[in-house]
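Residues: numbered from 1 along the sequence shown.
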Amino acid sequence: MDPGRTGRGDVPLRRETVTAAPRLGYFYGDDAYGIEQEAVAAFSALEAEAPGLERWRVAGEATTIGRIAERVGTASMFGGGTFVLVVDPAPLARTKEDRDALVALIANVAPGNALVFLETSDGTRRPAALDAISKAVAATGGAVRELKAPKEGQLASWIERRAKERDVTLAPGAAREIALRVGGFVREGDVDRRRQGQLAVGELDKLSLYRPGAVVSIDDVRALVAEVVPGSTWAFFDAVAQRRVDRALELLERLFDTTPDLVVMAQLHRRVRELVEVADHLAGGASPGSLVRTLGLKPFRAEKLVEQARTWTQPELDAALDGLVELDAAIRGAPGAPATEAQRRLAFVLWVGDRVGRAA
């Protein structure tokens with residue numbers, strides 16, 4: 001018999017296509033906020049289909065595959081089943097046997113239950129075991145998505161969208177100022193992007209209470225939102241070493257409000273001396289790899305300093321180091337040197353402009 005007919009008078013049955021919410025999911029990346037929102041959306045979609053769905057959230061290191069199987073391996077007879085949310089599943093897949101057992105469990109989640117994994121990483125290469133788990137989820141029809149943290153201008157636009165969702169009106173430039181203060185414009189590794197989205201949303205909630213129903217200005221942001229990475233000192237030193245004058249001056253302006261002049265001076269002097277030393281070794285025929293042993297540097301650090309040193313000539317580095325001697329005298333208040341705070345800041349700016357910028 002044609003399955004599309006009833007068998008009585010050959011009257012066609014009415015067929016409806018229903019798109020059910022996936023009961024398996026794997027969300028990963030360096031955007032903790034986006035990952036959590038995916039989990040919330042998955043639970044809400046399933047709960048709409050099965051009211052009374054129980055939610056069980058557990059860290060991978062705090063459970064076992066057996067305990068998870070107890071939750072999702074048996075079809076629910078009453079209620080809406082169980083929605084199991086596993087945060088950081090890596091501890092569950094340390095061995096091949098564990099990984100195979102978890103993959104088998106994924107393929108046997110009983111009807112009425114759901115299993116979702118959340119993996120927050122720092123953006124580096126993912127372990128093969130976790131990749132195998134996400135592929136197993138995809139193979140069974142589950143939802144697999146990578147969530148990347150927005151950066152710089154993308155983060156500012158992202159903050160504007162989150163503000164609209166919360167009925168927070170931001171003045172022009174306010175979203176960018178928030179992005180700056182949570183570290184969105186820092187390219188270097190001294191900021192953890194995994195929590196940036198959550199932090200930005202928290203600041204929006206705080207600003208909404210500060211200016212209920214009013215426009216949030218740049219001054220409001222500066223008054224209420226503290227800098228997570230205060231000007232990023234490492235970003236400033238890298239900008240100097242890379243001879244990016246505009247970037248260095250932008251970061252220096254922010255450093256003035258958070259870091260004592262003498263601290264900046266000491267660290268800046270150390271960086272320029274490192275560049276001089278690396279340049280000397282390179283001029284003497286040393287290879288970048290040999291600097292790891294000669295100077296006691298880590299490979300990544302040595303590679304970075306070599307790249308930066310090659311943007312300078314030896315006379316330029318010597319001149320920059322000599323200029324720091326004059327700058328040190330200025331900020332320490334030597335006789336005849338600038339005395340006011342404004343004059344000391346100007347001395348820093350002039351050093352960056354005169355010694356860091358490339359000659360025409």
Side-chain angles (χ1 to χ4, degrees), residues 22 24-43 57-62 85-94 99 102 115-138 142-163 165-166 175-205 225-236 238-239 247 251 298-301 303-304:
L24 288 164
Y26 197 107
F27 308 119
Y28 67 99
D30 63 351
D31 179 10
Y33 177 84
I35 291 171
E36 289 291 342
Q37 290 302 108
E38 289 286 353
V40 170
F43 178 78
R57 181 187 180 107
V58 66
E61 63 182 2
L85 197 61
V86 180
V87 181
D88 184 15
L92 297 171
R94 287 197 175 105
R99 183 191 64 193
L102 189 55
L115 178 59
V116 172
F117 299 94
L118 306 184
E119 176 202 336
T120 304
S121 67
D122 58 3
T124 57
R125 185 174 180 180
R126 299 171 64 223
L130 296 182
D131 188 48
I133 297 171
S134 62
K135 287 180 178 178
V137 170
V144 177
R145 278 188 282 280
E146 180 181 11
L147 289 305
K148 293 184 177 181
K151 302 176 183 178
E152 301 186 18
Q154 292 179 343
L155 180 58
S157 300
W158 184 92
I159 290 172
E160 288 178 346
R161 293 194 294 274
R162 303 292 83 77
E165 292 172 358
R166 290 160 175 76
R176 186 180 189 278
E177 187 65 25
I178 296 173
L180 277 170
R181 289 177 173 270
V182 299
F185 283 78
V186 177
R187 299 182 178 90
E188 291 69 20
D190 54 350
V191 59
D192 187 348
R193 300 194 188 282
R194 287 173 288 185
R195 305 298 171 188
Q196 272 185 349
Q198 293 173 326
L199 183 60
V201 167
E203 297 298 346
L204 283 173
D205 292 339
V225 180
E227 288 188 291
V228 175
V229 183
S232 181
T233 53
W234 284 109
F236 168 68
D238 282 340
R247 175 68 172 158
L251 290 165
K298 292 185 177 180
F300 174 77
R301 177 74 173 151
E303 183 179 331
K304 189 172 185 179

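With a 4.5 Å cut-off on side-chain heavy atoms, Leu147 and Tyr33 do not count as touching. Between Arg247 and Asp238 the shortest side-chain heavy-atom distance does not fall below 4.5 Å.
The shortest non-hydrogen separation linking Glu146 to Gly29 is CG-CA, 4.4 Å. Shown here for Ser134 and Val144, the closest heavy-atom pair between the two residues is O-CG2, 3.4 Å. Listed here is the closest heavy atom pair of Leu92 and Gly60: CD2-O, 3.5 Å. The shortest non-hydrogen separation linking Ala39 to Leu85 is CB-CD1, 3.9 Å. Of all heavy-atom pairs spanning Ile159 and Leu204, the tightest one is O-CD1, 3.8 Å. Looking at every heavy atom in both residues, Ala175 comes nearest to Ala156 through CB-O, 3.5 Å.
Note that the CZ atom of Arg145 and the CD1 atom of Ile35 stand 11.5 Å from one another [nearest 0.5 Å]. Here the straight-line distance linking atom CG of Leu102 with atom CZ of Phe117 works out to 4.5 Å at 0.5 Å rounding. Once rounded to the nearest 0.5 Å, the distance linking CZ of Arg162 with CH2 of Trp158 reads 5.5 Å. Rounding to the nearest 0.5 angstrom, the gap separating the CZ atom in Arg195 from the OG1 atom in Thr120 is 5.5 Å. Put simply, CG on Asp88 and CG on Leu130 are 7.5 Å apart, with the number rounded to the nearest 0.5 Å.
With respect to the salt-bridge test (charged N to carboxylate O, under 4.0 angstrom), the residues Glu119 and Arg126 qualify. A salt bridge links Arg181 with Glu177; the closest basic N to acidic carboxylate O contact falls under 4.0 Å.
Taking Glu61 as the reference, Ala59, Pro91 meet the side chain to side chain contact (heavy atoms under 4.5 Å, CB included) condition, with sequence neighbours excluded. Taking the side chain to side chain contact (heavy atoms under 4.5 Å, CB included) definition, one finds that Ala132 meets it with Arg99, sequence neighbours left out. Every residue was checked against the ring-ring contact (aromatic ring centres under 6.0 Å, His included) condition with Phe27, not counting sequence neighbours, and none meets it.
Across Leu115, Leu118, Ile133, Asp131, a single residue satisfies side-chain contact (heavy atoms from CB on, under 4.5 Å) together with Tyr26, and that is Ile133.
Taking a 6.0 Å sphere around CD of Gln198, one finds it holds more than 12 heavy atoms contributed by other residues, nucleotides or ligands.
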**Request:** Before giving the answer on side-chain contact (heavy atoms from CB on, under 4.5 Å), spell out for Arg166 and Val201 the whole-Å C-alpha distance, their side-chain angles and the decisive distance to 0.1 Å.
**Result:** CA-CA 9 Å; Arg166 290 160 175 76; Val201 167; 3.2 Å; yes
